[in-house]
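We name chains A, B, ... by the order of the sequence lines, and we start the count at 1 in each one.
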There are 2 protein chains.
Amino acid sequence: MDLDQFSPVPRCDCPHTHPSLIADAHQDMPAEEMLYDLAELYKVFGDSTRIKILYALFEAEMCVCDIAALLNMTQSAISHQLRVLKQSKLVKFRREGKAIFYSLADDHVRTIIDMGMEHLCE
Amino acid sequence: MDLDQFSPVPRCDCPHTHPSLIADAHQDMPAEEMLYDLAELYKVFGDSTRIKILYALFEAEMCVCDIAALLNMTQSAISHQLRVLKQSKLVKFRREGKAIFYSLADDHVRTIIDMGMEHLCE
DNA sequence: ATAACGCATGAACAGTTGTTCATACGTTTA
DNA sequence: TAAACGTATGAACAACTGTTCATGCGTTAT
């Protein structure tokens with residue numbers, strides 16, 4: 001990892017500070033880039049429109065205008081959000097004539113959303 | 001759910017549109033408020049500083065100045081982020097004298113982060 | 001009491017995000 | 001080829017987010 005990102009020595013005089021503990025956490029911290037990418041992934045789930053799109057695709061593959069009709073939103077807005085979901089490899093698509101059908105990329109998506117729901121319902 | 005949030009009938013002339021499919025997705029869609037809360041939860045994971053804090057707490061409970069030292073950030077910034085994590089019930093805390101020790105609220109947190117990492121490493 | 005320490009909080013700022021609007025692209029049909 | 005349709009994209013705007021700075025609160029030690 002990028003060691004410069006983290007200070008190896010605590011800089012406060014807090015008597016409860018345990019330098020070895022900080023060193024351990026420092027050691028086990030994933031690489032800066034990995035942490036950034038992970039946050040970026042969750043950012044994608046952090047919008048209710050995109051969550052709705054994913055829930056819609058739980059049902060079956062859908063074309064853009066289907067999703068727009070279902071969510072009562074403009075085609076443009078849905079297309080923009082599908083682009084984000086596509087970039088994070090959360091959805092895939094196939095063309096059929098003029099229409100483009102979107103579907104979930106894999107089962108991970110559902111698992112992640114279910115985990116969040118579980119946390120909410122505790 | 002709040003039925004007014006979704007249009008029950010598709011408004012495009014797309015020949016691939018399946019009204020019954022949209023009706024099904026409409027039926028299975030969780031309540032608007034639930035979807036909003038779920039997005040809010042993921043928004044909390046959608047920041048690398050907060051991700052780092054959670055990873056730090058995987059190791060052990062820590063006081064604010066420990067975390068600030070580990071991440072090489074100001075105490076204020078960490079405190080603000082801990083507030084967000086606290087509000088989402090992702091971390092809990094206990095006071096010991098002047099220091100306040102934060103720790104993970106439950107195992108859900110780790111599971112959710114691990115799921116994200118798995119998706120990234122595919 | 002009063003000073004010192006650890007932490008929380010409000011205001012303010014720059015940077016980011018989601019939607020709308022207008023328009024362009026790719027495919028199909030006439 | 002030209003028109004129609006489904007979708008993608010760029011610009012622009014308001015709304016939101018994370019950090020910093022200054023300051024205040026609660027606890028402990030002198």
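Not one side-chain nitrogen or oxygen of A:R83 sits closer than 4.0 Å to the OP1 or OP2 atom of D:dA8. Phosphate proximity of C:dG18 to A:R50: present, with a side-chain N or O under 4.0 Å from OP1 or OP2. Put simply, A:Y102 has no side-chain N or O that comes within less than 4.0 Å of OP1 or OP2 on D:dG6. When the side-chain nitrogen and oxygen atoms of B:T74 are compared with OP1 and OP2 of D:dC21, none of them lie within a distance under 4.0 Å. Contact check, B:Q81 against D:dT19: a side-chain N or O comes under 4.0 Å of OP1 or OP2. For the pair B:S76 and D:dT20, the criterion of a side-chain N or O lying under 4.0 Å from OP1 or OP2 is not met. For the pair B:T49 and D:dT19, the criterion of a side-chain N or O lying under 4.0 Å from OP1 or OP2 is met.
Each of D:dA8, C:dC7, D:dG6 was ranked by its minimum atom distance to the side chain of A:K98; first place goes to D:dG6.
In this structure, A:R110 is positioned above the aromatic face of A:F58, its NZ or CZ under 6.0 Å from the six-membered ring centre and within 45° of the axis. At least one test fails for A:K43 against the ring of B:Y42: distance under 6.0 Å to the centre or angle within 45° of the axis.
Between B:I67 atom CD1 and D:dT19 atom C1' the separation is 17 Å, expressed in whole Å. Here the C1' atom of nucleotide D:dA8 and the NZ atom of A:K86 are 8 Å apart, to the nearest Å. Rounding to whole angstrom units, CD1 of residue A:I78 and P of C:dT19 are separated by 8 Å. In this structure, A:F45 places its CZ atom 18 Å from C1' of C:dT17, rounding to the nearest Å. Rounded to an integer number of Å, the gap from CD of A:E40 to P of D:dG18 is 12 Å. To the nearest angstrom, P of D:dC21 lies 12 Å from CE of B:M73. Remark: P of D:dG18 and CD of B:Q87 are 12 Å apart, rounded to the nearest angstrom. Rounded to whole Å, the distance from CD on A:Q75 to C1' on D:dG10 is 14 Å.
Toward the 5' end of DNA chain C, the nearer of the two residues A:D47 and A:R95, judged by each one's closest nucleotide, is A:D47. Taking the nucleotide of DNA chain C with the nearest heavy atom to each of B:L82 and A:A77, the more 5' of the two is matched to B:L82. Closest-nucleotide positions on DNA chain D for B:G46 and A:I100 were compared, and the one nearer the 5' end corresponds to A:I100.
From B:D66, atom CG reaches atom OH of B:Y102 across 13.0 Å, with rounding to the nearest 0.5 Å. Of the inter-residue distances, the one linking A:L71 atom CG with B:H26 atom NE2 reads 9.5 Å to the nearest 0.5 angstrom. Taken from CZ in A:F45 to CZ in A:R50, the straight-line distance is 10.0 Å, to the nearest 0.5 Å. We find the CG-CD1 distance between B:L41 and A:I51 to be 9.0 Å, quoted to the nearest 0.5 Å. Between the CG atom of A:L21 and the CD atom of B:E61 there is a distance of 9.0 Å, given to the nearest 0.5 Å.
For the pair B:H80 and D:dT19, the ring geometry does not qualify as stacking, because the centroid separation below 5.5 Å and plane angle under 30° are not jointly satisfied.
Direction change of the helix axis from one end of the helix from C:dA1-D:dT30 to C:dA30-D:dT1 to the other is 20°, with five pairs defining each end axis (rounded to 10°).
With salt bridges taken as basic N to acidic carboxylate O contacts below 4.0 Å, one links B:K52 and A:E32.
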